[in-house]
Amino acid sequence: MPRTVAIEKIRNIGIIAHIDAGKTTTTERILFYSGKTYKLGEVHDGTAIMDWMPQEQERGITITAAATTCRWKDCNINVIDTPGHVDFTVEVERSLKVLDGAVVVFCSVGGVEPQSETVWRQADRYGVPRIAYINKMDRTGAKFFETIAEMHEKLGTNAAAIQIPYGIEENFKGIVDLVDQKLYLYKDELGKDVECVAIPEELKSDAEKYRAILIEKLAEADDVILDKYLHNKAISNEELKEKIRSSVIANKFVAVLCGSSFKNKGIQLVLDAVCDYLPAPSDVPPVKGTNPESGEFEEIKTSDSAPFCALSFKVATDPYVGKLNYIRVYSGTLNPGTYIYNATKRVRERVTKLVRMHANHQEIIESVVTGDIAAVVGLKETKTGDTICTENNQILIEAMRFPEPVIQQAIETTSKDESEKLGLALHKFLDEDPSFRVTYNHETGQTIISGMGQLHLEIIVDRLLREFNVAVQVGFPQVAYRETIRKKVNSSGKFIQQSGGRGQYGHCVLEIEPQDTPGAGVTFENKIKGGAIPQEFIPSVKQGVFDTSKSGVLAGYPVTDIKVTLVDGSFHDVDSSELAFKMAAGIALTDGLRKGHPVLLEPVMDMEVVTPEEFMGAIIGDLSSRRAKINAINSRANVRAIRVFVPLAEIFNYATVVRSLTQGRASYTMEPSFYSEVPSHIAEKIVAGYTSAGSRK
């Protein structure tokens, strides 16, 4: 089927931000003004189209990334509205992996908030060009230029306003466009009656001042503008627009816009900026992949005539059609009824149907082409992060990185009859959510679910009841501790078994040391020389190391941040086997962990508490009792923002505490930051509890 929209006119964008900055409200307005919807959906009423899950409508937050498509002018815009809550940060991660550009929404009152920094770093990691939209300019305490200053300070970005507000707070009436040098006045509540006029005399000095700052900042990113800036040469509006676009696409400049999504001001100009400044799929560098046969890097040509290649970035379960795989097409075309090859799993899959998503609604389409974001029905083995392509031109796109869970709960059904239903439901959740884990504790006989926070697990339990009719009982949340060592050791492991016939013999010597970089996990290196252990047994040693590292020697928690090097060993011509070397590696690692000064690690959260000043003393006193380390105390309008590092174990149910301390007037946000050693007196209690549980069993 021929392409209906030129690739240069496609925009794949994400709306990303801190929680409650106005992402979903902004997306709802984008759909309304582009003619995709005919009624404004509101988050607070539970009527937002993009927040379609019952849990989202009840809580007024976004939980899952929702995709839709709309038209603006001559561009086709694929939009993904992402969550702001840290418990669902995986949704932001996988969306940014496949997007060409992003609109980062900031609250004009809150400025650059903790989760703003997180999503900005995620966009940096994937090299996603972005523009900034400072929302809520109608709110009391709104600060436009201060927020831009915070972007420079906290995000280290080269940003400048391409618009400035006309009026502020309750007097916010319109927007001055510094590029076209026009004033946009909003005449009605729906924001459809917009008058474009020349900049009035009383605003001209401000407009000239901030246009000069825009050119100065742009000169840092573009040599042509720099030359004209230094020699006081005139810069036309068209040239300025062209240079803003090229600098944004090169990730050297961030254009800053303003508005009020809730009051319907500024969204049309955001859509204009998306079309004018954010890249098309053909504007960004070609994605690189690995050839599975040669291991060499290859560029994937951004062309419909190239072999088909796409990345599955999200899996969802639909009650009517079953599993939906959201894909981003990097090259070629795909039609329903054809076979594709999953290069990650090395299996063939059949595409039964292609659909374009509008939140949870589906529109059947006849084909997808380069640059498209769509969903595929019929793939059975394909998971999040898998590359699908043609069997004759196999390539592997780099997989996504997902955070490790920091909290876990025991879960069990209220009746044995529902155990099978629970297993099926949890399996579907595992398919959908790469940050969710399920394990079985053989010592206690419990199923353990792990996630990114209390809200994450609450939503899972709620969905079990609503979607699968499985009522469950859950234990108290538990911290996902880790174990590591503090000393470099050498350790030997032998597995010898003789039982009449052929025996078992495996012997390996491991060098075990702490990793230099926190968060590096467990790595394995083979330094065997001279054939002390035959090459075919090395993978078994590695497998034995990784299997044993799942349970540490102190309290049975997974081991992390160790480097294991195989340095020596021996074998028997007849009795050696893969099993023997796997067992020997496990024995060696366990022995080495015991000798290496093992310690417990706990997740530490980066938390910000925003409180009225009169309650600051009570909040700081309470945080100090929770082993919190205060990093900064900042003023924001009439409140104080207290930024701390605090162990997760100390802040379960903190929402109740902070409400009672501040008469319900304070709020907080947090995200996992790093793992830190547990103080010895607390570690002793954890180990004692683990030991006594084992002895009772």
Side-chain angles (χ1 to χ4, degrees), residues 7 12 65 80 90-100 122-128 281-282 284-316 323-335 338-351 354 368-404 430-435 520-526 538-539 542-543 546:
I7 195 167
N12 293 317
I80 297 182
V90 67
E91 295 286 340
V92 184
E93 190 81 20
R94 59 182 169 193
S95 299
L96 286 171
K97 171 73 175 176
V98 299
L99 292 171
D100 301 319
Q122 287 173 303
D124 279 342
R125 189 159 63 245
Y126 290 113
V128 177
S282 53
V284 294
V287 172
K288 289 185 179 179
T290 310
N291 186 312
E293 302 301 324
S294 65
E296 298 293 321
F297 280 110
E298 293 180 5
E299 282 191 351
I300 299 168
K301 190 180 178 186
T302 310
S303 167
D304 294 347
S305 58
F308 173 75
C309 179
L311 183 74
S312 169
F313 68 94
K314 179 179 167 73
V315 176
K323 195 162 82 166
L324 283 166
N325 285 79
Y326 286 68
I327 64 166
R328 161 66 196 265
V329 183
Y330 288 105
S331 67
T333 61
L334 179 66
N335 300 310
T338 57
Y339 282 91
I340 52 94
Y341 187 74
N342 182 325
T344 309
K345 299 281 192 309
R346 293 182 173 269
V347 293
R348 288 181 85 211
E349 297 259 55
R350 188 172 185 271
V351 177
L354 295 170
V368 290
V369 293
T370 305
D372 276 350
I373 290 177
V376 179
V377 179
L379 308 185
K380 293 182 171 61
E381 303 294 327
T382 303
K383 302 280 195 299
T384 299
D386 287 359
T387 305
I388 56 174
C389 54
T390 59
E391 197 164 358
N392 297 333
N393 291 274
Q394 295 179 29
I395 195 158
L396 277 170
I397 298 170
E398 183 188 4
M400 287 172 263
R401 224 182 59 182
F402 296 117
E404 284 295 312
L430 285 170
D431 274 353
E432 291 180 14
D433 187 351
S435 65
V522 180
T523 58
F524 177 84
E525 188 178 350
N526 172 32
I538 303 297
K542 182 178 179 180
Q543 189 62 47
F546 282 108

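Starting from 1, each residue takes its place in the sequence as its number. Excluded from the calculations below are hydrogen atoms, water molecules and symmetry mates; all remaining heavy atoms, backbone and side chain alike, are included.
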**Request:** Examine distances only and state if a side-chain atom of Thr387 and a backbone atom of Ile397 form a donor-acceptor pair shorter than 3.5 Å.
**Result:** yes

Next item on the list: Decide yes or no for Tyr341 and Asn392: does some side-chain heavy atom of the first lie under 4.5 Å from some side-chain heavy atom of the second?
Entry: no

Taking Pro307's backbone N and O only, do any of them form a donor-acceptor pair with Ser331's side chain (distance below 3.5 Å, no angle check)? yes

* **Asn12 side chain vs Gly371 backbone, donor-acceptor pair below 3.5 Å** => yes

d(Ile327 CD1, Leu311 CG) to nearest 0.5 Å is 9.5 Å

By salt bridge (Lys or Arg N to Asp or Glu O under 4.0 Å), Glu349 pairs with (sequence neighbours left out) none

Rounded to the nearest 0.5 Å, the CD atom of Gln543 sits from the CZ atom of Phe524 at a distance of 10.5 Å

*Taking only Lys NZ, Arg NE, NH1 and NH2, and the carboxylate oxygens of Asp or Glu, determine whether Lys314 and Glu91 approach each other closer than 4.0 Å.*
yes

The reported gap from CG in Asp100 to OH in Tyr126 (rounded to nearest 0.5 angstrom) is 14.5 Å

Rounded to the nearest 0.5 Å, the CG atom of Leu99 sits from the CD1 atom of Ile80 at a distance of 4.5 Å

* Main-chain N/O of Thr382 paired with Lys323 side-chain donor or acceptor, under 3.5 Å -> yes

Residues passing the salt bridge (Lys or Arg N to Asp or Glu O under 4.0 Å) test with Glu525, sequence neighbours excluded, are Lys563

Going by distance alone, is a donor N or O of one side chain under 3.5 Å from an acceptor N or O of the other, for Asp304 and Thr370?
yes

Residue pairs passing the salt bridge (Lys or Arg N to Asp or Glu O under 4.0 Å) test with at least one member in residues 376-397, sequence neighbours excluded, are Lys345-Asp386, Arg348-Glu391, Lys383-Asp431

